[in-house]
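Each remark here refers to the structure printed beneath this line.
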Number of protein chains: 2
Amino acid sequence: MSAQSPLHMTEQRRVILEELRKVRSHPTADKIYTRVRRRMPRISLGTVYRTLDLLAAQGMIRKIESAGTRRRFDGTVEPHYHIRCLECGRIADLPPGEMPGLEAHFRNQTDYDVVGHTLELLGTCPACRKDRTEGKDVGVRPASEQ
Amino acid sequence: MSAQSPLHMTEQRRVILEELRKVRSHPTADKIYTRVRRRMPRISLGTVYRTLDLLAAQGMIRKIESAGTRRRFDGTVEPHYHIRCLECGRIADLPPGEMPGLEAHFRNQTDYDVVGHTLELLGTCPACRKDRTEGKDVGVRPASEQ
DNA sequence: TTGGTTGCAAAGTCTTTGCAGACAT
DNA sequence: ATGTCTGCAAAGACTTTGCAACCAA
């Protein structure tokens with residue numbers, strides 16, 4: 001959750017962090033693996049997973065555990081929501097900041113102590129909207145671009 | 001997404017639906033499997049998965065694909081949010097209804113067409129709060145009750 | 001008979017982990 | 001030396017699927 005012992009910024013870790021920060025998409029571990037391997041062909045997927053967990057634990061990146069899809073990672077740590085395209089799976093950032101009054105709205109509706117929330121918008125991205133107006137029947141594409 | 005061909009309400013399907021509706025918890029497929037097996041010892045886990053998918057596709061139950069946890073199912077189809085206990089994983093229903101103005105709030109913040117959202121509150125359930133005031137160090141229990 | 005349904009086992013997908021060797025301090 | 005980190009392969013957790021037998025219309 002919070003920063004721990006000073007972490008050894010090894011070559012692998014540095015490259016993984018760089019590659020994640022370089023993209024504005026929200027890649028899965030294996031997409032990152034593919035990119036990193038271009039620079040470090042011998043790196044293993046296990047190292048990628050371990051490093052991503054580690055960086056997230058240090059607060060240097062964020063895990064996106066989006067409902068019903070596989071885990072993705074986000075090089076931007078400033079709190080912000082995401083919107084996911086229901087057709088292609090692409091995830092985009094919304095501007096930083098929380099929805100005002102959201103948790104307060106629910107405080108008196110539950111006997112739990114409310115300490116946080118997850119919110120994800122769902123929609124159609126510009127590319128898929130365009131495909132649709134062009135009459136392309138893309139069906140539901142696998143959530144696996146970039 | 002919506003109701004399809006009239007489905008054969010076989011014994012297996014009826015029992016699975018009954019068992020799910022009988023509980024107010026939000027069980028995983030294998031919890032349902034365990035319960036159903038008490039009445040139909042020869043049923044397979046594969047059938048349980050297939051049936052739950054089918055019932056969800058028919059709109060008779062709901063899938064809960066909660067961020068970062070395994071899939072659960074909900075016998076209540078009326079739209080409502082959930083709150084999940086971060087300590088024990090228990091999921092409770094919030095009263096039916098959507099947060100007013102939520103999607104509208106984001107419409108001008110994205111170039112996606114907004115068509116929906118997922119929202120999950122996070123918190124501490126009454127049982128875990130009690131454990132804590134009693135000084136029990138339960139750590140993070142696996143999200144696997146009921 | 002025809003097409004849907006089931007149990008079973010196997011396969012699949014995504015992620016974590018044990019281990020021995022490599023590396024850094 | 002000592003403890004950390006890595007690649008590799010295997011294991012794990014959860015879910016889906018191929019298939020032959022089965023069942024209902």
Side-chain angles (χ1 to χ4, degrees), chain A residues 4-17 19-20 26-34 36-58 60-73 89 91 140-145, chain B residues 3-17 19-20 26-34 36-58 60-61 63-73 89 91 140-145:
Chain A
Q4 330 249 25
S5 51
L7 115 154
H8 290 189
M9 191 45 75
T10 63
E11 181 72 358
Q12 285 87 341
R13 291 171 183 178
R14 194 173 51 67
V15 171
I16 288 168
L17 185 57
E19 290 298 324
L20 178 56
H26 301 79
T28 55
D30 66 289
K31 293 287 178 196
I32 297 168
Y33 175 54
T34 300
V36 169
R37 232 179 344 176
R38 301 210 280 256
R39 295 170 59 182
M40 309 185 80
R42 314 256 336 178
I43 198 170
S44 71
L45 183 56
T47 295
V48 172
Y49 270 107
R50 275 186 296 233
T51 299
L52 291 168
D53 276 352
L54 185 77
L55 295 174
Q58 302 282 130
M60 301 175 74
I61 66 172
R62 286 176 65 197
K63 286 188 193 179
I64 310 177
E65 319 225 54
S66 174
T69 70
R70 47 187 308 204
R71 182 177 306 162
R72 287 161 177 269
F73 296 87
I91 293 178
V140 177
R141 276 179 256 165
S144 56
E145 80 305 334
Chain B
Q4 331 249 26
S5 52
L7 115 154
H8 292 188
M9 190 45 75
T10 63
E11 181 73 359
Q12 286 87 340
R13 291 172 183 177
R14 194 172 50 68
V15 171
I16 288 169
L17 185 56
E19 289 298 322
L20 178 56
H26 301 79
T28 56
D30 65 289
K31 294 289 179 193
I32 297 168
Y33 174 55
T34 301
V36 169
R37 233 181 341 176
R38 301 210 281 255
R39 295 170 59 183
M40 308 185 81
R42 313 256 336 178
I43 198 171
S44 71
L45 184 55
T47 296
V48 172
Y49 271 106
R50 274 186 295 231
T51 300
L52 291 168
D53 277 353
L54 186 77
L55 295 174
Q58 300 283 130
M60 302 176 73
I61 66 172
K63 285 188 193 180
I64 310 177
E65 319 224 55
S66 173
T69 71
R70 50 186 303 204
R71 181 177 307 163
R72 287 161 176 269
F73 295 89
I91 293 178
V140 176
R141 277 180 256 166
S144 57
E145 80 304 334

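Quick note: numbers below take in every heavy atom, side chains included, and nothing from hydrogens, waters or symmetry partners. Convention: sequence-line order gives letters A, B, ...; per-chain numbering from 1.
Atom CD in A/E11 sits about 13 Å away from atom C1' in D/dC5, given to the nearest Å. Here the P atom of nucleotide C/dC8 and the CD atom of B/Q12 are 11 Å apart, to the nearest Å. Per the geometry, CG belonging to B/L45 stands 14 Å off P belonging to D/dA13, to the nearest Å. Look at CE on A/M40: it is 14 Å from P on D/dC5, rounded to the nearest Å. Across the protein-nucleic acid pair, A/E65 atom CD and C/dC14 atom P stand 15 Å apart, rounded to whole Å. If you measure from atom CE of B/M9 to atom P of C/dT6, you get 10 Å, rounded to the nearest angstrom. Rounding to whole angstrom units, NE2 of residue A/H8 and P of D/dG3 are separated by 13 Å. Atom CD1 of A/I43 is separated from atom C1' of D/dC5 by 11 Å (rounded to the nearest Å).
Only one option out of A/I16, A/L17, A/T28 pairs with A/L52 in a side-chain contact (heavy atoms from CB on, under 4.5 Å); it is A/I16.
Contact between the side-chain N/O atoms of A/R37 and the OP1/OP2 oxygens of D/dG7 is not found at any separation under 4.0 Å. Within the 4.0 Å cut-off from OP1 or OP2 of C/dT6, at least one side-chain nitrogen or oxygen of B/T10 is found. Regarding contacts with the backbone of C/dG7, a side-chain N or O of B/T47 is found under 4.0 angstrom from either OP1 or OP2. Side-chain nitrogen and oxygen atoms of A/R70 include at least one within less than 4.0 Å of the OP1 or OP2 phosphate oxygen of C/dT15. Contact check, B/R50 against D/dT15: no side-chain N or O comes under 4.0 Å of OP1 or OP2. For B/R72, no side-chain nitrogen or oxygen approaches OP1 or OP2 of D/dT15 to under 4.0 Å.
A/D30 comes within contact range of no nucleotide atom at all, as no heavy-atom separation falls under 4.0 Å.
Nearest to the side-chain atoms of A/R42 among the listed nucleotides D/dC8, C/dT16, D/dT16 stands D/dC8. The nucleotide whose nearest atom lies closest to any side-chain atom of B/R13 is, among D/dG7, C/dT5, D/dT16, C/dT5. If you check D/dT16, D/dG7, C/dT15 against the side chain of A/Y49, the one that comes closest is C/dT15.
Under 4.0 Å is where a charged nitrogen must lie from a carboxylate oxygen, and between A/E19 and A/R38 no such pair does.
From A/Q58, atom CD reaches atom CE of A/M9 across 8.0 Å, with rounding to the nearest 0.5 Å.
Judged by distance alone, the side chain of B/R71 and the main-chain N or O of B/A29 form no donor-acceptor pair under 3.5 Å. At least one donor-acceptor pair under 3.5 Å links the side chain of B/R72 to the backbone N or O of B/H26.
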